[in-house]
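Contents: one structure, followed by commentary.
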Number of protein chains: 2
Amino acid sequence: MGITKIEIYSVEQNRLAQLLKALAHPARIAILQEIIKSNSCICGDLVLELGLAQATISQHLKELKNADIIQGTIEGASVCYCINPKTWKALETEIGNFLSAVNTGNNCC
Amino acid sequence: MGITKIEIYSVEQNRLAQLLKALAHPARIAILQEIIKSNSCICGDLVLELGLAQATISQHLKELKNADIIQGTIEGASVCYCINPKTWKALETEIGNFLSAVNTGNNCC
DNA sequence: GTAATTAATCGTAATATTGCAATATAAAAT
DNA sequence: ATTTTATATTGCAATATTACGATTAATTAC
């Protein structure tokens, strides 16, 4: 199949899965860490930093943009990407709620 | 391609991506929430709770097991699944570190 | 204006994922 | 012993993902 049956889950479950999926690739994690490290924005230095082709980086950036995790601003010939603070806060809240629902003290089996 | 170039990333980046990927499906989120809700363990009630075929549930459980997020104990004819507290703590730490690296106060573009 | 730079998009190949029916395996109930 | 119940595995079809070369579009440098 390859297609996910989103209609049988809650909106929250689908949204959390979507956000996690956008983060769930080492290239995208590395990209985000680069963006975070360079405090404000960076542009296509990513192609130099990571060992991936320009087309591949661009594709990963697109996915992060689609999930609203980053936003890009055209800056002359290059594009400046940065974290979308609103989505990032939502991420922290939603993932936090999900993870903290477990009492890691009691293990049963 | 479909294959990820894991050799160009750090162990930490790959591990975090792997954990996130295991969580990044609404069915697996729903499964984990069911396990968490029923406090200790549940068995194949998942097939009844979610609207998925038994084979599909079993496959998702396997992926969660492979990522060491849950563990299963055979209990007669059925199997009892629960959260692996060790991995869950690691998840909280690693995701927490990753997310808290962003200062959501300053947005630049 | 022309060449160089930057980044997005298109097309494509290889591989992965999702979902399920059918089957296999193993314990429990009869 | 046979049937029922519970779960795992296999095989398969449909779709998604990853990666990249080639191309395009837009800007900057000359």
Side-chain angles (χ1 to χ4, degrees), chain A residues 1-9 13-14 17-31 34-35 38 41-67 70-82 109, chain B residues 1-9 13-14 17-31 34-35 38 41-67 70-82 109:
Chain A
M1 282 238 148
I3 193 166
T4 297
K5 275 181 139 185
I6 64 169
E7 69 276 10
I8 65 172
Y9 310 104
Q13 287 168 335
N14 283 318
Q18 193 202 11
L19 284 172
L20 290 170
K21 195 174 174 185
L23 300 178
H25 192 287
R28 294 195 286 275
I29 290 176
I31 287 173
E34 274 297 318
I35 293 180
S38 60
C41 305
I42 53 160
C43 317
D45 323 287
L46 293 164
V47 181
L48 300 173
E49 292 292 334
L50 315 184
L52 290 172
Q54 183 265 320
T56 309
I57 298 280
S58 198
Q59 198 176 272
H60 283 302
L61 286 169
K62 191 180 180 180
E63 275 184 71
L64 290 170
K65 249 189 302 180
N66 284 345
I70 61 172
Q71 54 203 189
T73 319
I74 296 167
E75 205 134 290
S78 45
V79 178
C80 167
Y81 284 104
C82 66
C109 52
Chain B
M1 283 237 151
I3 192 166
T4 296
K5 274 183 140 187
I6 63 168
E7 69 276 9
I8 66 172
Y9 310 105
Q13 288 169 334
N14 283 317
Q18 192 201 11
L19 285 171
L20 290 170
K21 194 173 174 186
L23 300 177
H25 192 288
R28 293 195 286 275
I29 290 176
I31 287 172
E34 274 297 319
I35 293 180
S38 59
C41 306
I42 53 161
C43 315
D45 322 288
L46 294 164
V47 181
L48 300 173
E49 292 292 335
L50 315 185
L52 290 171
Q54 183 266 321
T56 308
I57 298 282
S58 197
Q59 197 178 274
H60 283 302
L61 286 169
K62 193 181 178 181
E63 276 184 69
L64 290 170
K65 248 190 302 180
N66 284 346
I70 61 172
Q71 54 202 187
T73 318
I74 296 167
E75 205 135 288
S78 45
V79 176
C80 168
Y81 283 104
C82 65
C109 52

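Computed from a predicted model, the values in this text were never measured in an experiment. Throughout, a chain's letter reflects where its sequence line sits, starting with A, and its residues are numbered from 1. Values reported hereafter were calculated over all heavy atoms of this structure, with side chains retained and with hydrogens, waters and symmetry mates removed.
Residue Tyr81(B) forms a side chain to side chain contact (heavy atoms under 4.5 Å, CB included) with just one option from Leu61(B), Ile31(B), Thr73(B), and that option is Leu61(B). Evaluated for a side chain to side chain contact (heavy atoms under 4.5 Å, CB included) with Glu63(A), the options His25(A), Lys21(A), Arg28(A) yield exactly one hit, Arg28(A).
A straight line from CD1 of Ile8(A) to C1' of dG19(C) spans 10 Å, rounded to a whole angstrom. Atom CG in Leu61(B) sits roughly 10 Å away from atom C1' in dT7(D) (whole-Å rounding). For the pair Glu49(A) CD and dA7(C) P, the interatomic distance rounds to 13 Å; values are reported in whole Å. The distance from atom CD1 of Ile57(B) to atom P of dA8(D) is 11 Å, rounded to the nearest whole Å. Whole-Å rounding puts the His25(B) NE2 to dT17(D) C1' distance at 14 Å. Regarding Asp45(B), its CG atom lies at a distance of 13 Å from the C1' atom of dT5(D), rounded to whole Å. Counting to the nearest Å, the C1' atom of dA8(C) and the CD atom of Glu75(A) are 17 Å from each other. Ile74(B) places its CD1 atom 11 Å from the C1' atom of dA6(D), with the value rounded to the nearest Å.
Remark: the Gln54(B) side chain and the dA6(D) base include no donor-acceptor N/O pair separated by less than 3.5 Å.
Here Tyr81(B) reaches the OP1 or OP2 of dA8(D): one of its side-chain N or O atoms lies under 4.0 Å away. Not one side-chain nitrogen or oxygen of Lys21(A) sits closer than 4.0 Å to the OP1 or OP2 atom of dA16(D). Close to dA19(D), at under 4.0 Å from its OP1 or OP2, lies a side-chain N or O of His60(A). Between dT18(D) and Thr56(A), no contact under 4.0 Å exists linking OP1 or OP2 to a side-chain N or O.
When distances run from any side-chain atom of Ala77(B) to the nucleotides dT6(C), dA8(D), dA27(C), the shortest one goes to dA27(C). Of the candidate nucleotides dT18(D), dT18(C), dA7(C), dT18(C) has the atom lying nearest to any side-chain atom of Glu63(B).
Place Ser58(B) and Gln59(A) on DNA chain D by their nearest nucleotides, and Ser58(B) ends up nearer the 5' end. Of the two residues near DNA chain D, Lys65(B) and Ile3(B), the one whose nearest nucleotide lies more 5' is Lys65(B).
If you check every strand for non-hydrogen atoms under 4.0 Å, Leu52(A) touches sugar and phosphate atoms only. Residue Thr4(A) is classed as a sugar-phosphate contact, given heavy-atom separations below 4.0 Å to backbone atoms only. Looking at heavy-atom distances under 4.0 Å, Ala53(A) makes contact with sugar-phosphate atoms alone, never a base.
Here the shortest heavy-atom pairing between Ala30(A) and Leu50(A) reads CB-CD2, 3.8 Å. Contact record, Pro26(B) with Thr4(A): CG-CG2, 3.7 Å, taken as the closest heavy-atom pair.
Within a 6.0 Å radius of CD1 in Ile8(B), other residues, nucleotides and ligands contribute more than 12 heavy atoms.
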